[in-house]
K.L.:
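My questions all concern the structure below.
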Amino acid sequence: MDICSNVLGFSRFLSPSAVRASAYRRPIFARSSSSTQEPTLTTSISLNNRNGFSGKAEADVVVIGSGIGGLCCAGLLARYGQDVLVLESHDLPGGAAHSFEIKGYKFDSGPSLFSGFQSRGPQANPLAQVLDALGESLPCVNYDSWMVYIPEGEFLSRIGPTEFFKDLETYASPNAVQEWQKLLETILPLSAAAMALPPLSIRGDWGVLSTAAARYAPSLLKSFIQMGPQGILGSTKLLRPFSEIIDSLELNDPFIRNWLDLLAFLLAGVKTNGILSAEMIYMFAEWYKPGSCLEYPLHGSGAVVNALVQGLQKFGGRISLGSHVQNIIVENDRAVGVKLKSGQFIRAKKAVVSNASMWDTLALLPESVVPKSYRDGVNAMPQCESFMHLHLGFDAEGIREDLGIHHIVVNDWDRGVDADQNVVLISVPSVLSPDLAPPGKHVLHAYTPGTEPYTLWEGLDRRSSEYKNLKAQRSEVMWRAVERALGPGFKREKCEVKLVGSPLTHQRFLRRNRGTYGPAIEAGKATFPGHSTPIPQLYCCGDSTFPGIGVPAVAASGAIVANSLVSTSQHSQLLDAIGI
């Protein structure tokens with residue numbers, strides 16, 4: 001029985017690193033004439049099987065896909081002593097978080113805004129807890145700011161308890177500082193409840209009463225006592241939309257409301273009226289407390305994937321790249337393995353875990369074994385839109401030396417942060433990890449965060465002039481944002497590498513239905529599905545499942561599935577071993 005999404009809904013373990021974890025699989029597909037070198041793997045891990053499956057054609061658990069969720073699930077299962085095999089269609093591991101290299105430039109294809117990797121203990125980032133369980137460390141560079149370009153002007157936004165007050169004094173109404181202070185005083189005390197249960201303690205059966213509820217009841221009770229009656233009353237709003245807290249506090253300053261909508265959208269792809277209060281409160285606890293900082297992994301986001309694969313292999317787990325799963329095989333109403341595109345059958349003795357989206361998982365199943373109600377529910381699930389991507393490699397000459405890693409551009413508040421062509425995110429990670437680019441060069445990734453309509457691209461031939469013209473047209477907003485952020489020293493014609501990705505790129509190379517970022521589920525209206533399916537021995541993890549979209553969330557989903565496949569005693573022993 002999958003109970004976690006109902007019993008433990010308040011712990012929607014998202015953190016600031018949940019910002020738009022998107023990517024496309026083979027960036028070489030969209031290369032321009034200025035780039036002729038094939039992309040290469042940027043990791044140093046042992047990956048012998050990159051051209052298809054070889055080896056023992058069975059495992060206790062077969063995991064479809066090597067995204068963050070799939071790798072977390074597989075790594076923990078290997079740590080538990082299970083024989084686990086990860087099958088990845090691409091020739092690079094990592095799914096939406098993989099890295100690739102062209103002409104000496106090492107690109108992040110997805111997430112680049114992280115925090116909590118260095119934290120430990122019950123309230124740590126779920127991904128940090130998984131890495132801790134696998135005995136893997138992740139060296140990072142700390143920083144505390146990003147550039148913001150909005151209709152009112154531009155400023156360097158710093159995290160911390162008081163830094164934002166200066167921005168409010170400049171760009172907001174005279175009452176904005178008081179409203180922001182009121183918000184912090186209301187929600188920061190609630191963070192103890194929002195972060196009360198470690199993600200690694202959750203499992204999808206009634207064993208959760210032992211591994212989570214009973215184990216952490218004293219600390220949870222202590223949190224409620226510290227909050228007092230008013231805080232306890234406020235904690236009942238954790239499962240409600242964050243907009244309800246905003247309205248109850250009568251926060252009317254337009255700048256504050258716009259800013260909160262932007263933060264919510266970057267976290268979960270919805271505005272404050274669609275995001276759970278628990279998610280926003282967790283983020284506030286991470287960003288607006290003393291000593292807060294953001295972290296970027298040395299050597300890029302590929303280092304995160306590296307660490308997970310190393311942890312998997314350390315405990316005897318296997319990963320096979322270039323191994324495309326064609327079908328999930330069901331016998332006697334149970335998932336018993338998978339059939340590869342090559343025709344080979346791989347048996348799963350205990351379970352099959354799909355890290356694909358709910359729509360793409362459904363497509364792997366024989367229609368006859370799927371209950372109509374389940375199929376209809378998946379097909380009726382609303383989807384987030386897709387992306388436009390721009391990856392650039394260019395000379396740093398003429399670019400200011402104090403360039404920051406992150407830049408956010410909002411063109412028009414009135415259109416809403418979820419409007420297409422309105423918000424552009426830019427990351428220049430080589431300013432913190434110079435090894436990502438050749439000496440004297442920079443690497444850049446810009447994208448529109450889940451706002452690009454798939455319908456504009458549907459049915460286009462990728463080889464046609466119509467498709468190429470549309471890519472040029474729809475990427476222009478990113479070029480202009482990059483020129484604004486980098487200043488007059490940047491010239492697009494001098495870029496040595498230019499890659500443009502579209503929703504069709506997402507669909508084809510990430511194998512994402514309609515190129516979507518994931519389910520568009522609004523707080524208070526629906527909840528993310530659990531991890532079990534109507535097919536016994538078939539489980540799902542990733543951004544189509546609880547707790548939702550974002551790096552910490554998918555890491556938590558993978559951990560929940562792994563925990564659910566072992567005994568409560570094994571689960572408790574792991575929690576003891578990592579000190580939570």
Side-chain angles (χ1 to χ4, degrees), residues 23-24 27-28 30-42 99-114 139-150 153-158 294-303 388-411 424-448 471-472 474-501:
Y24 52 91
I28 199 66
R31 70 173 181 258
S32 71
S33 58
S34 62
S35 172
T36 58
Q37 183 173 336
E38 289 291 324
T40 58
L41 184 67
T42 64
S99 293
F100 61 95
E101 179 176 348
I102 296 178
K103 298 181 69 174
Y105 292 94
K106 303 176 181 67
F107 292 96
D108 292 340
S109 61
S112 57
L113 182 61
F114 299 98
C140 294
V141 181
N142 295 340
Y143 64 104
D144 66 355
S145 62
W146 67 91
M147 277 299 298
V148 178
Y149 307 83
I150 54 178
E154 57 187 62
F155 60 93
L156 184 68
S157 179
R158 296 187 183 276
L294 299 170
E295 298 164 333
Y296 184 76
L298 282 175
H299 317 305
S301 64
M388 291 297 297
H389 286 273
L390 183 64
H391 284 93
L392 303 175
F394 57 93
D395 198 307
E397 184 178 0
I399 305 299
R400 64 179 187 271
E401 294 184 359
D402 63 346
L403 182 69
I405 179 175
H406 287 121
H407 307 257
I408 300 177
V409 179
V410 181
N411 293 314
V424 178
L425 305 184
I426 302 169
S427 174
V428 193
S430 50
V431 304
L432 295 182
S433 189
D435 64 307
L436 296 177
K441 313 286 185 178
H442 275 314
V443 62
L444 179 148
H445 176 206
Y447 57 103
T448 57
K471 280 211 302 185
R474 300 296 287 183
S475 64
E476 183 62 27
V477 67
M478 297 184 292
W479 280 107
R480 291 198 302 267
V482 169
E483 289 168 341
R484 182 178 180 185
L486 269 57
F490 172 79
K491 305 295 181 185
R492 62 175 79 180
E493 61 272 13
K494 292 185 178 180
C495 290
E496 298 176 8
V497 177
K498 305 175 187 177
L499 303 171
V500 177

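All values derive from a computational prediction rather than experimental measurement.
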K.L.:
Enter the distance from Glu476:CD to Leu390:CG here, rounded to the nearest 0.5 Å.
P.N.:
10.0 Å
K.L.:
Just how far is it from atom CD of Glu295 to atom OH of Tyr143, taken to the nearest 0.5 Å?
P.N.:
9.0 Å
K.L.:
So, taking the atom named OH in Tyr447 and the one named CD1 in Ile426, what distance separates them when rounded to the nearest 0.5 Å?
P.N.:
10.5 Å
K.L.:
Under the 3.5 angstrom rule, does the side chain of Ser145 hit a backbone N or O of Leu156 as a donor-acceptor pair?
P.N.:
no
K.L.:
Say whether, by atom type as modelled, one donor and one acceptor occur between the side chain of Ser430 and the main chain of Leu436 under 3.5 angstrom.
P.N.:
no
K.L.:
Applying the side chain to side chain contact (heavy atoms under 4.5 Å, CB included) criterion to Val497, which one of Ile102, Leu444, Leu392 satisfies it?
P.N.:
Ile102
K.L.:
For His445 and Ser427, does a side-chain donor sit closer than 3.5 Å to a side-chain acceptor?
P.N.:
no
K.L.:
Would you say that His389 contacts Leu499 through its side chain, given a criterion of any heavy-atom pair below 4.5 Å between the two side chains?
P.N.:
no
K.L.:
If every non-hydrogen atom of Phe490 is compared with every non-hydrogen atom of Leu486, which pair is closest and at what distance?
P.N.:
CD1-CD2, 3.6 Å
K.L.:
Could you tell me whether the side chain of His391 and the main chain of Asp108 form a donor-acceptor pair under 3.5 Å?
P.N.:
yes
K.L.:
Atom SG in Cys495, atom NZ in Lys441: separation rounded to 0.5 Å?
P.N.:
10.5 Å
K.L.:
With no hydrogens and no angle check, is any side-chain donor or acceptor of Lys498 less than 3.5 Å from a backbone partner on Arg492?
P.N.:
yes
K.L.:
For the NZ atom of Lys103 and the CD atom of Glu496, what is their distance to the nearest 0.5 Å?
P.N.:
5.5 Å
K.L.:
Side-chain contact test, heavy atoms from C-beta onward, threshold under 4.5 Å: evaluate it for Ile405 versus Leu294 and give yes or no.
P.N.:
no
K.L.:
Of the non-hydrogen atoms in Lys471 and Val500, which two are nearest, and what is the gap between them?
P.N.:
NZ-O, 3.5 Å
K.L.:
Please report the interatomic distance CD(Glu101) to CZ(Phe107), rounded to the nearest 0.5 Å.
P.N.:
9.5 Å
K.L.:
Answer yes or no: is there a donor N or O on one side and an acceptor on the other, between the side chain of Ser433 and the main chain of His299, under 3.5 Å?
P.N.:
yes
K.L.:
Report yes if the side chains of Val443 and Lys106 come closer than 4.5 Å at any heavy-atom pair, otherwise no.
P.N.:
no
K.L.:
Within a strict 4.5 Å, meaning less than it, do heavy atoms of the Tyr105 and Phe394 side chains meet?
P.N.:
no
